[in-house]
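First the structure, in the form of structure tokens, and then the observations on it.
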Amino acid sequence: MTPIKTAFALAAAVLLAACSSISSADRQASRGADDFSPEQGHGMTEQKLVRAKEFMAASANPLATEAGYQILKQGGSAVDAMIAMQTTLSLVEPQSSGLGGAFVVYWDNEAKKLTTFDARETAPKAATPELFLDKEGKPLEFKQAVVGGRSVGTPGVPKMMEELHQRYGKMAWARLFDMPVKLAEEGFQVSPRMAASIQSNAEHLQRYPATAAYFLPGGQALQAGALLKNPEFAATVKTLAKDGAKPFYDGKYAQNIIKAVRGAEDNPGKLAAVDFKNYKIIEREAVCGDYREYQVCGMGAPSSGGIALAQITGILNRFEQKQFSYRNLNSWRLLGDASRLAFADRDLYVADPDFVKVPTQALVSDAYLKQRAALLANTGQALSETPAGDFGSKQAAAPAIELPSTSHIVAVDKHGNVLSMTTSIENAFGSTLMANGYLLNNELTDFSFEPVKNGQPVANRVEGGKRPRSSMAPTIVLKNGRPYMAVGSPGGSRIIGYVAKTLVAHIDWGMDIQKAISLPNMLNRFGTYELEQNTAAAKQAEALQKIGYKTEVRDLNSGVQGIVITDKGLIGGADPRREGKVMGD
């Protein structure tokens with residue numbers, strides 16, 4: 001029996017007494033989506049399952065995937081492949097990637113151990129909770145905050161790549177950068193996605209001369225297919241290959257970033273040499289939650305991704321999803337309201353654990369998730385409200401703006417090591433400041449702009465040295481204590497919903513990984529059900545409204561990459577909404 005069929009057959013978990021039967025209201029709700037199909041209405045690039053026996057890599061750009069594939073083919077580790085892919089993405093996918101920040105979930109097959117690494121950017125030591133307030137003490141508009149130096153945090157990716165290579169690399173460090181250097185020197189073709197993003201963000205890209213000259217030569221946006229060279233990036237990567245990360249934290253490359261940030265006269269930032277000197281990669285314990293016969297494991301705080309996924313799947317674990325299917329509206333009711341409950345907890349409790357006490361174990365405990373699941377039982381209707389759980393918090397809940405420009409990498413090497421990494425510079429083209437041939441992040445706008453609300457401090461407020469909350473959700477799913485799947489997505493705070501949908505579609509609804517990724521997106525964070533435009537999902541608006549949801553049809557541009565690991569080999573899928581590619585042998 002295949003793993004998918006096994007998952008489908010064994011999907012019944014220990015149910016809540018209140019959830020042991022499907023109410024008539026649930027049955028009525030389940031009839032609203034009979035025409036819902038993963039194949040309907042995409043109009044996107046066709047993606048097919050990719051199979052391999054020994055190793056596999058996937059990223060959001062074909063050139064980056066090729067870079068990782070070549071490293072794996074030469075015997076490199078999953079970490080070696082990640083380094084090649086990440087550096088290439090920083091060149092060929094600048095709207096989403098850069099040498100900014102990342103979260104890594106990693107399975108060390110030699111030690112038989114799962115761990116995670118926090119390479120999130122940090123706020124400057126000189127930053128105060130009022131960083132994103134205007135002269136009247138009111139939160140800045142996002143566009144006022146994001147462009148320029150104010151939003152730039154201390155980057156973590158160069159140091160993360162070096163430290164993980166020291167622990168898990170198998171190839172010589174200098175050999176990992178050949179492809180990005182070659183592409184930067186000889187040029188690469190601008191992809192359609194990159195060209196479209198340049199066009200839609202031209203107003204911000206023209207604000208600083210160096211950025212405008214690169215993306216808008218002669219005042220015109222680069223077109224798809226144009227040959228783009230970046231000799232400054234090539235020189236930077238050659239230094240990285242020769243001298244490692246040190247020049248990026250204690251040398252001219254760090255100074256170049258500081259100069260760009262503090263020299264942005266219209267919106268300067270506070271980064272200083274001390275911030276680079278103090279920066280550290282933090283190894284953290286993975287957050288895991290039971291889901292059917294699997295364990296869904298991911299990144300803990302300061303990311304909310306792993307906690308939220310453990311909560312969503314932990315709540316769904318109390319319901320026999322196999323009695324429904326993706327065609328049944330009740331399946332989406334359960335998924336949507338489980339997500340809303342997770343987001344309520346996220347906004348109140350999750351922030352940098354080195355600054356705020358985050359009740360992670362309580363939030364994902366069996367007893368608590370049993371209580372949360374009881375709220376969804378036998379109603380057939382959307383929850384009228386989704387309050388956060390009560391863990392004695394003296395903090396205020398406040399949202400933070402997370403926009404969908406991020407990227408995701410997965411890799412499995414022939415040694416059995418598995419990597420899932422979400423990487424970001426936050427907004428499209430980050431802060432739009434460039435230094436060393438690449439764009440600088442705007443991750444500080446992931447902090448809540450309001451430091452105090454209703455007289456109480458906000459957990460995710462700005463503080464010097466603090467890491468902003470994220471929704472990045474790199475995930476490794478275990479089965480019988482071994483890796484079964486590596487998956488993740490870009491998409492701002494919608495990342496959680498994209499990954500949850502993929503997991504449920506594969507594990508509960510029996511779809512292969514490609515169909516699970518391609519399934520039209522439907523997600524709910526704060527009460528409004530968002531439905532993917534130009535797909536069959538958009539047709540569900542009326543049915544969802546009848547059971548109490550507000551709805552919005554919109555572009556839901558996920559970028560999921562996934563690899564399933566079976567006894568017979570590897571099975572990979574990439575999101576048709578982006579330019580992703582899977583390769584393996």
Side-chain angles (χ1 to χ4, degrees), residues 13-19 129 284-285 287-291 296 298-319 333-379 381-400 402 447-461 463 466 468-471 473 493 496-497 500 523-528 548-549:
V14 177
L15 304 179
L16 291 172
C19 306
R284 301 188 188 274
E285 185 177 351
V287 174
C288 296
D290 292 335
Y291 189 41
V296 178
M299 197 77 211
S303 180
S304 61
I307 296 170
L309 284 175
Q311 289 188 304
I312 293 167
T313 54
I315 290 171
L316 295 180
N317 213 28
R318 271 75 186 173
F319 298 89
R333 177 185 71 83
L334 294 172
L335 181 57
D337 277 354
S339 176
R340 290 171 65 198
L341 291 169
F343 267 82
D345 286 337
R346 166 190 182 272
D347 283 353
L348 181 59
Y349 292 110
V350 181
D352 186 338
D354 295 329
F355 286 75
V356 175
K357 184 177 180 180
V358 181
T360 300
Q361 293 308 310
L363 288 168
V364 301
S365 70
D366 187 72
Y368 177 60
L369 296 180
K370 184 177 180 180
Q371 294 174 13
R372 301 296 260 179
L375 299 174
L376 307 183
N378 299 323
T379 67
Q381 296 291 308
L383 293 177
S384 58
E385 57 181 7
T386 52
D390 185 1
F391 297 102
S393 173
K394 296 182 180 179
Q395 301 163 164
E402 291 182 55
F447 283 114
S448 299
F449 285 16
E450 293 180 90
V452 176
K453 194 169 183 179
N454 301 324
Q456 293 181 307
V458 172
N460 188 40
R461 65 190 179 276
E463 296 178 80
K466 191 176 183 179
R469 184 179 64 210
S470 172
S471 295
S493 62
I496 293 164
L523 55 90
N524 199 324
R525 297 167 296 165
F526 311 113
T528 297
Y549 292 108

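We number each residue from 1, following the sequence as shown.
Between Arg284 and Pro353 the shortest heavy-atom distance is NH1-CG, 3.5 Å. Of all non-hydrogen atoms in Arg461 and Pro451, the two that sit nearest each other are CD-O, 3.6 Å. Taking all atoms of both residues into account, the shortest heavy-atom contact from Ala344 to Ala388 is O-CB, 3.5 Å. Shown here for Leu363 and Phe391, the closest heavy-atom pair between the two residues is CD2-CE1, 3.5 Å. The nearest pair of heavy atoms linking Gly392 to Tyr349 is N-OH, 4.5 Å. Nearest heavy-atom pair across Gly389 and Asp345 is N-OD1, 2.8 Å.
The closest donor-acceptor contact from the side chain of Arg346 to the backbone of Ile307 lies at 3.5 Å or more, if one exists at all. In terms of modelled atom types and a separation under 3.5 Å, the side chain of Asn454 and the main chain of Gln456 share no donor-acceptor contact. The closest donor-acceptor contact from the side chain of Ser471 to the backbone of Gly305 lies at 3.5 Å or more, if one exists at all. Put simply, the side chain of Tyr368 never gets that close to the backbone of Gln311: no donor and acceptor are under 3.5 Å apart. A distance-only check finds no donor-acceptor pair linking the side chain of Asn460 to the backbone of Val350 [under 3.5 Å]. For Arg372 (side chain) and Leu341 (main-chain N/O), a donor-acceptor pair under 3.5 Å exists by modelled atom type.
Surrounding CD of Glu285 are at most 12 heavy atoms belonging to other residues, nucleotides or ligands under 6.0 Å away.
Residues that satisfy the side chain to side chain contact (heavy atoms under 4.5 Å, CB included) test with Pro387, not counting sequence neighbours, are Glu385. Here Asp337 pairs with Arg333, Arg340, Leu376, Ala382, Leu383, Tyr549 under the side chain to side chain contact (heavy atoms under 4.5 Å, CB included) rule; sequence neighbours left out. Every residue meeting the side chain to side chain contact (heavy atoms under 4.5 Å, CB included) condition with Asp366, not counting sequence neighbours, appears here in chain and number order: Arg318.
Each of Ile496, Ile312, Thr386 was checked for a side-chain contact (heavy atoms from CB on, under 4.5 Å) with Phe343, and the lone residue meeting it is Ile496.
With rounding to the nearest 0.5 Å, the separation of CG in Leu309 from OG in Ser339 is 9.0 Å.
For the pair Asp347 and Arg525, the salt-bridge criterion is not met [side-chain N within less than 4.0 Å of a carboxylate O].
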